[in-house]
2 protein chains.
Amino acid sequence: MSGKRSLIRSGTTVDQMVRAIGDRIVTGYLRPGEKLDETSLAARFDVSRTPVREALGQLSAMGLVERRPNRGAIVAVVTQEHLASMFESMAELEAICARFSAERMTSSERRGLEIEHQGSARMVQLGAEEDYEYFNTEFHSRLYRGAHNTHIHDLTVMTRSRLAPFRRAQFMLPGRLAKSWQEHDLIVTAILRGDGAAAGKAARDHVSIVSEASAVFAVGDQPKAASTTPVTAD
Amino acid sequence: MSGKRSLIRSGTTVDQMVRAIGDRIVTGYLRPGEKLDETSLAARFDVSRTPVREALGQLSAMGLVERRPNRGAIVAVVTQEHLASMFESMAELEAICARFSAERMTSSERRGLEIEHQGSARMVQLGAEEDYEYFNTEFHSRLYRGAHNTHIHDLTVMTRSRLAPFRRAQFMLPGRLAKSWQEHDLIVTAILRGDGAAAGKAARDHVSIVSEASAVFAVGDQPKAASTTPVTAD
DNA sequence: CTTGAGGCAATTGCATGCACTTTTTGCCTT
DNA sequence: AAGGCAAAAAGTGCATGCAATTGCCTCAAG
């Protein structure tokens, strides 16, 4: 452990801890059920236990960690049932965003969406999963913003974060990339012609398919203990 | 410490603080923009600053309070725009719950919903706002639970909490009670016949109307400074 | 009278310490 | 040998203390 905390960005120490720990959960570096020891985390990030505690509290409020009184915190473990409910919610939230986007996006937003979407076609041809993932994220973010409703935006982003650990490997399924793009295309087309209902349906279907694709991995992922280090240590 | 903190219930001190402060915000006892001084709050509840700080952090993560680094915390102040976005989200969330309820409620849930709904008719006749409010809350909770989706349930309850301060006075509008019941009736009828689309639409319309009714008060409420009287009609 | 710099009081942010709860370990009993 | 109990170890929960930042007030200069 190095002495400085320059690894993490700006803000108060608590915010840094929230981001640091939250990121590790969202990226799957910390696995569901894994114990989050205050002392170890404090030592790991070279801060005292206080900001770590506060961070765990906030992450708990966000649903990313689970806190048992006097018994420590663990990375939130989601049951199959709860996972399904989150995916279903995600589908509905995306449907709302797509519907609103179809009705409300400015013409420059529409243009941006289409350009980026067309740009991502290239990644599909090249089979560049990593790059496509970037476009994919951006695509969905555009939908959330395009809804012009900050609260829906927040709810959606939040839900998406919590699902992130389970969506990780979806694009590794053969042919998933191209299918994803086609699904996006349906959404874009509907939005561009202002058809809210169709956009909503297309978005809902899209997420539902992702859900099924991810569930495969989620099941196999769940009971597995932490083995090798997926992401390199910092 | 002068031993008694019996005003508040069980759980850890932090949880008590979260509930205590959160309640005061949700019930409108603490007004948007009001300063939340750690020391005062700690003294007020006879605890140290630490649990108060943690509570403020969690409430901040929930969106109920706003935290400026090194500049203290205030009760989250919602702009008209954000308020509108929350009401709109609420309408969509309730629509989802109603739709799912229509499709998924067990027969005993359906029976319970109808019985309680019919029971509330009495409150309308008597013009008992307070009592009706209880039935109203219970009615909506049944919808949220009936959706059989814990995540949607959580999102909806959360959004509802954040809107609570602004819904407070809605039933004081003349005739609102009877109209509310009729709107509920539309929802119940649709659910009982399993018509998800109709239930969703009815629920969305219901919230939209509440939104408009509440907006009246919200506008007048917003710029007003904190005074001793919680809800005064001007 | 306005404006700006400097210092002071108040408040936040974090570290540390202590008490209490849970968990583990080792010994004793059956 | 297995089960249970007790004491110790570990870890959480809260309080307090101190450094750092902010905002305010004063006072002087223009």
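What you see is a predicted model; the values in this text were computed from it and never measured. Letters go in sequence order (proteins before strands), and every chain restarts at 1.
Between the CZ atom of B/F45 and the C1' atom of D/dA15 there is a distance of 18 Å, rounded to whole Å. If you measure from atom CG of B/D15 to atom P of D/dG13, you get 9 Å, rounded to the nearest angstrom. Following rounding to the nearest Å, A/E38 (CD) and C/dC14 (P) show an atom-to-atom distance of 15 Å. Remark: P of C/dT11 and CG of B/L41 are 12 Å apart, rounded to the nearest angstrom. D/dT12 atom P lies 10 Å from atom CG of A/L36, rounded to whole Å. A straight line from NZ of B/K35 to P of D/dT22 spans 14 Å, rounded to a whole angstrom. Distance A/I74 CD1 to D/dG11 P: 16 Å, rounded to the nearest Å. Going from atom CZ of A/R68 over to atom C1' of C/dT23 covers 12 Å, rounded to whole Å.
Ring orientation note: the planes of B/H117 and B/F139 are tilted relative to one another, at an angle of 30° to 60°.
Every residue meeting the side chain to side chain contact (heavy atoms under 4.5 Å, CB included) condition with B/H148, not counting sequence neighbours, appears here in chain and number order: B/R104, B/T106, B/E109. Listed by chain and number, the residues in a side chain to side chain donor-acceptor pair (under 3.5 Å) with B/R162 amount to none (sequence neighbours excluded). Applying the salt bridge (charged side-chain N to carboxylate O under 4.0 Å, His left out) rule to A/R142 yields the partners A/E116, A/E138; only residues at least two apart in sequence or on another chain are considered. Applying the side chain to side chain contact (heavy atoms under 4.5 Å, CB included) test to B/R110 and every residue at least two apart in sequence or in another chain returns B/M105, B/I191, B/L192. Not counting sequence neighbours, the partners of B/S89 by the side chain to side chain contact (heavy atoms under 4.5 Å, CB included) test are A/N149, A/H151, A/I152.
Electrostatic pairing of A/E92 and A/R204 counts as a salt bridge here, judged by a charged N lying under 4.0 Å from a carboxylate O.
Against DNA chain D, the stretch residues 52-65 of chain B makes no heavy-atom approach under 4.0 Å.
The side chain of A/T13 places no N or O atom within less than 4.0 Å of a non-bridging phosphate oxygen (OP1 or OP2) of C/dG13.
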Under 4.0 Å protein heavy-atom contacts per nucleotide of nucleotides 16-22 of chain C, with B for base, S for backbone only and - for none: BB---SS
In a table with atom names and distances, give each donor-acceptor pair under 3.5 Å that connects a side chain of residues 50-61 of chain A to protein atoms at least two apart or in another chain.
unit_1, atom_1, unit_2, atom_2, d
A/R53, NE, B/E54, OE2, 3.1
A/R53, NH1, A/E38, OE2, 2.9
A/E54, OE2, B/R53, NE, 3.1

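Sorted pairs that involve residues 75-85 of chain A and meet salt bridge (charged side-chain N to carboxylate O under 4.0 Å, His left out), not counting sequence neighbours, are lacking altogether.
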